[in-house]
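What follows is one structure encoded as C-alpha cells, with my remarks underneath.
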Amino acid sequence: MATMDYKELRKAMVRDQLIPRGITDPRVLRAMEEIPRHLFTGPQLEQHAYDDSPLPTADGQTISQPYMVAIMTELLELQGNEKVLEIGTGSGYQAAILASLAREVYTIERFEDLAKNAAERFRMLAYTNIHVKTGDGTLGWPEGAPFNRIIITAGSREVPPPLMEQFGPEGILVAPLGDRFSQRLVRLRKTRDGMETTFHTPCVFVPLMGAFGWPENRK
Ligand code: SAH
C-alpha cells in the first residue's frame, strides 16, 4: 500500500514489540528503526513487514519475527569491528541488520534463488560489506574464518562441529538449538578458560539442513 508510512511503522515496531520485551542495546534498536524491512519481504507481503510475526519467503522458508532478529543481534554484542558469519541468509534482512552494526558479514544460503534475491537487495541498498554465497552453511566458510561472531538462523540439535572451529577466542555464537519443532536460543562464548553457555528465549525456526543438519529426506 503506497499510503503506508513505513518509517512510522518501524518506530511503532521498536516501541511496541522490542522495548517492552527487553531489548535495550541502543545500536540494535536504532538499526531496527532504520532498516527498511519491507524491502526484504517481497511486494505481496510488504504491508505486513512490521507485524509482530515471522513471514514466509520463497522455498517454504521464513523471515524471522522482528523480536527474534533483535534478540539474536543483541546477544551477539556487536561493537562495530567484527567479522560475522550468518548461516541461513533467507530474505537477507538479518544480514542487513548485522552489516549495519559490524564490519563485515559473510552469509550462506542453501537455496540459490534466495541467495540471489538477497544479494540483489544488498546491492540496491548499497551494502558493500556483505558477502553472500549459496551452499551448505553447516560446513561454515573456511576461507573467511576465523569469525568474531557466528549466527545460525535455522534450528538444529547441536552446533555443527565445523562452525565450532570457525570462531575465535572471545568469539560469540548464537543459535536456536533443540528438536525439530521447538528450540531455545543458545549463546556460546569462547573464553580463556573454555566455553560459557547461556540459554535464552524459546523459539521455532525452520530446520537447518545439510551435512551437519537434519537429513534432507524428512520434512
Ligand atoms: N536470516 C533469515 C531467516 C532465515 S530462515 C532472514 O533474515 O530472512 C532460515 C534459512 O536457513 C532458510 O532460508 C533456509 O533455506 C536456510 N538454511 C537451512 N539450512 C541451511 C544450510 N545448511 N546452509 C545454508 N542455509 C540453510
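Each ligand, and each atom within it, is numbered from 1 in the order the structure gives. In what follows, every heavy atom counts, from backbone to side chain, and hydrogens, waters and symmetry copies are set aside. Because the structure is predicted, anything quoted here is derived from the model rather than measured.
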**Prompt:** Do any pairs count as a salt bridge (charged side-chain N to carboxylate O under 4.0 Å, His left out) and have a residue in residues 114-142, sequence neighbours left out, and if so which ones?
**Reply:** Glu112-Lys116, Glu120-Arg123, Lys133-Glu143
**Item:** ILVMFWY network linking Tyr127 to Ile63, side-chain heavy atoms under 4.5 angstrom
**Value:** yes
**Shared hydrophobic cluster for Ile151 and Phe40 (ILVMFWY, side-chain gaps under 4.5 Å)** = yes
Scan the side chains in residues 27-36 for donor-acceptor partners under 3.5 Å anywhere in the protein, sequence neighbours excluded, and list what turns up.
residue : atom : partner : partner atom : Å
Arg27   : NH1  : Leu78   : O            : 2.7
Arg27   : NH2  : Leu101  : O            : 3.3

**Prompt:** Thr62 side chain to Leu55 main-chain N or O, any donor-acceptor pair under 3.5 Å?
**Reply:** no
Contact table, ligand 1 N/O with protein N/O, distance under 3.5 Å:
residue  : atom   : partner : partner atom : Å
ligand 1 : 1 (N)  : Glu86   : OE2          : 3.0
ligand 1 : 1 (N)  : Gly88   : O            : 3.0
ligand 1 : 1 (N)  : Thr153  : OG1          : 3.1
ligand 1 : 7 (O)  : Gln94   : N            : 3.0
ligand 1 : 8 (O)  : Ser91   : N            : 3.0
ligand 1 : 8 (O)  : Ser91   : OG           : 2.7
ligand 1 : 13 (O) : Glu109  : OE1          : 2.7
ligand 1 : 13 (O) : Glu109  : OE2          : 3.4
ligand 1 : 15 (O) : Glu109  : OE2          : 2.7
ligand 1 : 19 (N) : Met209  : N            : 3.0
ligand 1 : 22 (N) : Asp136  : OD1          : 3.0
ligand 1 : 22 (N) : Met209  : O            : 2.7
ligand 1 : 23 (N) : Gly137  : N            : 2.8
ligand 1 : 25 (N) : Arg110  : N            : 3.2

Pairs of donor and acceptor atoms involving the side chains of residues 66-76, under 3.5 Å and at least two apart or interchain, shall be tabulated with distances.
residue : atom : partner : partner atom : Å
Thr73   : OG1  : Val69   : O            : 2.6
Thr73   : OG1  : Gln94   : NE2          : 2.9
Glu74   : OE2  : Thr24   : N            : 2.8
Glu74   : OE2  : Asp25   : N            : 2.7

